[in-house]
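Only one structure is covered here, and it is reproduced in the block below.
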Amino acid sequence: MEDKVTSPEKAEEAKLKARYPHLGQKPGGQKYFDSGDYNMAKAKMKNKQLPTATPDKTEVTGDHIPTPQDLPQQKPSLVASKLAG
Amino acid sequence: EIDWSDIISTVEFNHSGELLATGDKGGRVVIFQQEQENKIQSHSRGEYNVYSTFQSHEPEFDYLKSLEIEEKINKIRWLPQKNAAQFLLSTNDKTIKLWKISERDKRPEGYNLKEEDGRYRDPTTVTTLRVPVFRPMDLMVEASPRRIFANAHTYHINSISINSDYETYLSADDLRINLWHLEITDRSFNIVDIKPANMEELTEVITAAEFHPNSCNTFVYSSSKGTIRLCDMRASALCDRHSKLFEEPEDPSNRSFFSEIISSISDVKFSHSGRYMMTRDYLSVKIWDLNMENRPVETYQVHEYLRSKLCSLYENDCIFDKFECCWNGSDSVVMTGSYNNFFRMFDRNTKRDITLEASRENNKPRTVLKPRKVCASGKRKKDEISVDSLDFNKKILHTAWHPKENIIAVATTNNLYIFQDKVN
């Protein structure tokens, strides 16, 4: 049997698939109870595949109703920039 | 410990190179000015000193979506100078602002009704009349917002670019590009819209956009799939159909899970001549001839040794880092950043490249930078750095080259380095 030389990229891909077998698949195993179920599963899946057009990193809705404690603090920069010396 | 707000997010020289602006995550802009000719000694060029600093953007909150709008300055672009004042556009994710930076070196003195400290005099004590005169004062540099261009972007603004007509500019977010007039803030024209009817079908986003340096009807935008589209605004009002599509064919047998991610273009820059454009993807810099769409004319590997580290780089999110690139004034050399505070330069004529490091620990001030070398595998030579000891938190994403001289600005996470080539 011939031993094919794998490109470094393909070797890295194999490593990744070994660590994350469900990468790239639709969340929840492709069967959902309803649209709410689907959306909850999507919100849980770490979506790295596409640079998201919506800022999902700062989203505090989807899993729960946000409370004032959840919302990030607004911190206007009163301190001068370090570069300004 | 790095203060989050000090992280530099953009660096840009103005058209003469006399001013250098930086923007940071805290929404602040710091402008440096080069020392003028008559002050410097013959063996060096003028140094850059702080000229002005101001708060450009504040954090905001979108109550409808329960989302914070970051004050981070994504891009700064200078307008060409028309009068004594300087103007620049700065943008965060949602709002673009036109700032006027002006100098004040005189002030009126000798008011009739006010004391010199501003307190009003008792009118009954005023018995004579005099004309106030302007007297010199210590230079004061003031920045004031002249226009606020808001509410035109649903998604995050990644680019702004001033047209060669010096009257209009474009702003681009993930899915749309808008055309503005610098004088008009209450409306803009949408010129590109790639939002699919069903967001589930979204596969590609806009990553950067720029106007052609000479043709005011032409602009390009790059995508997360490694393509660049050139559009001509004379063809139609909505430029959804490109005039040219630049894409390098890929060998399908080499395709992997990472292929699309590393082909995503993080920056696109026209050459000063307008004949070429340069794109930066995760591992390389490519130069395209605008007359040839099917492949780049030059490709330079920035850090090919990372190809066998893509799995870890995906896990720590570094594979999504957006590096910028820039041309020197004569379009003969291109520069881009890498990890470990390294940055790379490629000479297009000699085909030589060099890796340098922006770090205070490893370089004494006023000494020539020592070239660095990364050892990909096998035996590491003395002075080489092995791939596994690279610090991936030390990324150089933003670099800029003076438009006329060999002076470069390199931003590490929270420090700005200015290097120049040896004079004499």
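Within every chain, numbering begins at 1; the chains are lettered A, B, ... in the order of the sequence lines, protein sequences first and strands thereafter.
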Could you tell me if the side chain of [Y] sits less than 4.5 Å from the side chain of [X], heavy atoms only?
X	Y	value
B:L416	B:L20	yes
B:Y282	B:V302	no
B:Y417	B:T412	yes

At a heavy-atom separation under 4.5 Å, does [X] approach chain A through its side chain, its backbone, both, or neither?
X	result
B:I262	side chain
B:Y51	neither
B:N414	both
B:S259	both
B:I206	neither
B:S223	neither

Give a yes-or-no answer on whether the side chains of B:D173 and B:H153 include a donor-acceptor pair shorter than 3.5 Å.
->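 Side-chain D/A pair, B:D173 to B:H153: present.
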
On the 0 to 90° scale, with breaks at 30° and 60°, tag the B:W99-B:F54 ring pair as parallel, tilted or perpendicular.
->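 The arrangement is tilted - the two ring planes meet at 30° to 60°.
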
Angle class for the B:Y305/B:H303 ring planes (parallel below 30°, perpendicular above 60°, tilted otherwise)?
->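 Geometry flag for B:H303 against B:Y305: perpendicular rings.
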
Sort out for me which of B:I319, B:T53, B:L310 touches chain A most, counting heavy-atom pairs under 4.5 Å.
->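 Among B:I319, B:T53, B:L310, the one with the most close pairs to chain A is B:L310.
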
Interface moiety of A:A84 toward chain B, non-hydrogen atoms closer than 4.5 Å |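 For A:A84, backbone and side chain are both near chain B.
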
